[in-house]
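This one's a predicted model, so the numbers in the text were calculated from it and none came from an experiment. Atoms within a ligand are numbered from 1 in the order they appear, just like the ligands themselves.
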Amino acid sequence: MTDGLTRRAAIRAVGAGVLAASLPWFPAPRASAAGRRVDVVGAGLSGLACALALREAGIDVRVWEARPRLGGRTLTDTALIPGRWVECGGEFIDSGHAAIRRLCSGNGIALQDLEAVDVPGVPRDLIGGRLRSGGWADAAQARLAARARSDLQRLGEDRLNAMSAAEWLKGAIPGGTGSPFARYERALVTGEYGADPAALSALWLVADLADDARGAEMGEGPERYRINGGTGRLIAALEQRIGPGRIIRGTRLTALVRGGATPALFLTGPDGPRVERPVRAAITLPPGVLRSVNLRRAGIPAAEREVIRTFGMGTNAKVIIPFTDAAWQRRGWNGDGLSDTALGQTWNATMGEGSGAAAFTSLVGGRAGRDIPGPDHGPAPDAIVRTRLALMDRIAPGTRAAARAGAVVHAWAKDPYARGSYSAARPGQADFPAIAARPQGPFHFAGEHTSDNWSGYMEGAVQSGQRAAREVIARLRG
Ligand SMILES: Cc1cc2nc3c(=O)[nH]c(=O)nc-3n(C[C@H](O)[C@H](O)[C@H](O)COP(=O)(O)OP(=O)(O)OC[C@H]3O[C@@H](n4cnc5c(N)ncnc54)[C@H](O)[C@@H]3O)c2cc1C
């Protein structure tokens, strides 16, 4: 490991020091720097957070975005049910996610506190063909977290990093690998990380398990908030703050070239190819997409190229089904649950948005997410909706009758501008975020996959974008 700390473990171990580093503090550039243009590639949360920080420091910015829309792996659908919002990508914010919470409050964006939302019913899991009430796995989960804490000490980070999560679970799982809890845990890991446990570094899982227990002791709530009205509101606010004419949509990066200290960005847009020569550039593309950008003349060292070539990505897909009402709640189920069937992780997609029409999310990862039938983003094939409704009916009989037409699927591994849901280190890759974050000459790198503490999360995207902006400003100060 590069610094002996991993992901979320680092933020709490260093505590205030790390939080202070995430404060949006930006040195003022020297007068000569102002007016010189810096380009940002990608208008997801990391790119927009980076561009806003640069603007606030008085730097001229251009943001190049391949899609016709902004937001990248955050996408709010307000058309599925009029008057409701559903999240097709990034959704929940932990109470410890300081940078995104600050970005929201600084831009007038309110959060929805899910602890204050009263969703009738209890969680239910469908595991090993049997219905189990929420809480049945808690004791075993606590034992697994305790084991994670001791294994971090006993085995050490390097050994855990070399192992897969599947290998670690084999020895650590309470009740053995054939137990219902083992099935539960495998489904949980596959949904949370988007990767099958055999394809995930054990260190990522073990550090998170150990850290979740510490976080709970400190009263921190995972997935406590959503953005009121949807992540799209934050994206629109950032776009407005960055200012008109600075974000260019429908224009794709095809190559990066470094000639001495000067970067050249080769782009292609509606008017054909173009070359831009800013003074510096922040590249915020996910690794799977960066793989298809020509980097041969970008001066990127072998270790970084290896990261770009091989960094694991989750393959999560969401199936979102509209209903005339949250019928499952009338049958005592609040919608929360985990299943080792096609349902995966589930929740009420419109919780706290009022009574009446509702939507339900089923999130799958691993092979199930990668191979899900249908488009990348669009109407869900009937077969996958029928399967999910039948399973919902087993959990809350009669629910299916309230389903409406128009279910959608969001299969992020098929999306050519995402190539996955979020980073999920394969065995041996736990230090990849730190390597991916290193600046190379005039190029700076951001995106959730470059965040040591919060890779995978919107928090990691925002923190890394702001970190890249600080690097740029420091270099412009000379
Ligand atoms: C299904 C799902 C569920 C999730 N749930 C949560 C959650 O509950 N909580 C949470 O915190 N996070 C969650 N996430 C993760 C979160 O959404 C991401 O970590 C975050 O949005 C990534 O932001 P980013 O800026 O790093 O990357 P992106 O949002 O991917 O931004 C990169 C941008 O670059 C653009 N681009 C791509 N190729 C090119 C090119 N060649 N040229 C120019 N532009 C290009 C893309 O279109 C995109 O806009 C979820 C993600 C998914 C997919």
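Contact annotation: for L285 versus ligand 1, heavy atoms closer than 4.0 Å belong to the side chain alone. Heavy atoms of Y422 found under 4.0 angstrom from ligand 1 belong exclusively to the side chain. Contact annotation for A43 and ligand 1: only backbone heavy atoms (N, CA, C, O) come within less than 4.0 Å of the ligand.
From the protein, the heavy atom lying nearest to atom 24 (P) of ligand 1 is S46 OG, 3.5 Å.
Under the 4.0 Å criterion applied to side-chain N and carboxylate O atoms, R62 and D39 are not assigned as salt-bridge partners.
For ligand 1, the polar-atom distance check against S421 finds no nitrogen or oxygen pair separated by under 3.5 Å. Below 3.5 Å of separation, one finds an N or O of L45 facing an N or O of ligand 1. Some N or O of R67 is nearer than 3.5 Å to an N or O of ligand 1, by distance alone.
Between W454 and Y457, the ring planes are perpendicular. Angles over 60° get that label, and only those under 30° would be called parallel.
For the pair T251 and ligand 1, a heavy-atom separation below 4.0 Å is found. In this structure, G71 is part of the shell of residues with a heavy atom less than 4.0 angstrom from ligand 1.
Residues forming a salt bridge (Lys or Arg N to Asp or Glu O under 4.0 Å) with R370 (at least two apart in sequence, or on another chain): none. For the salt bridge (Lys or Arg N to Asp or Glu O under 4.0 Å) test, no residue two or more places apart in sequence or in another chain qualifies with D371.
Across A43 and V63, no two heavy atoms sit closer than the pair CB-CG1, 3.9 Å.
With D94, V289, L253 as candidates, the residue nearest to atom 38 (N) of ligand 1 on a non-hydrogen basis is V289.
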E471/R467 under salt bridge (charged side-chain N to carboxylate O under 4.0 Å, His left out): CA gap, chis, key distance, verdict: CA-CA 6 Å; E471 287 169 7; R467 184 257 310 140; 3.0 Å; yes
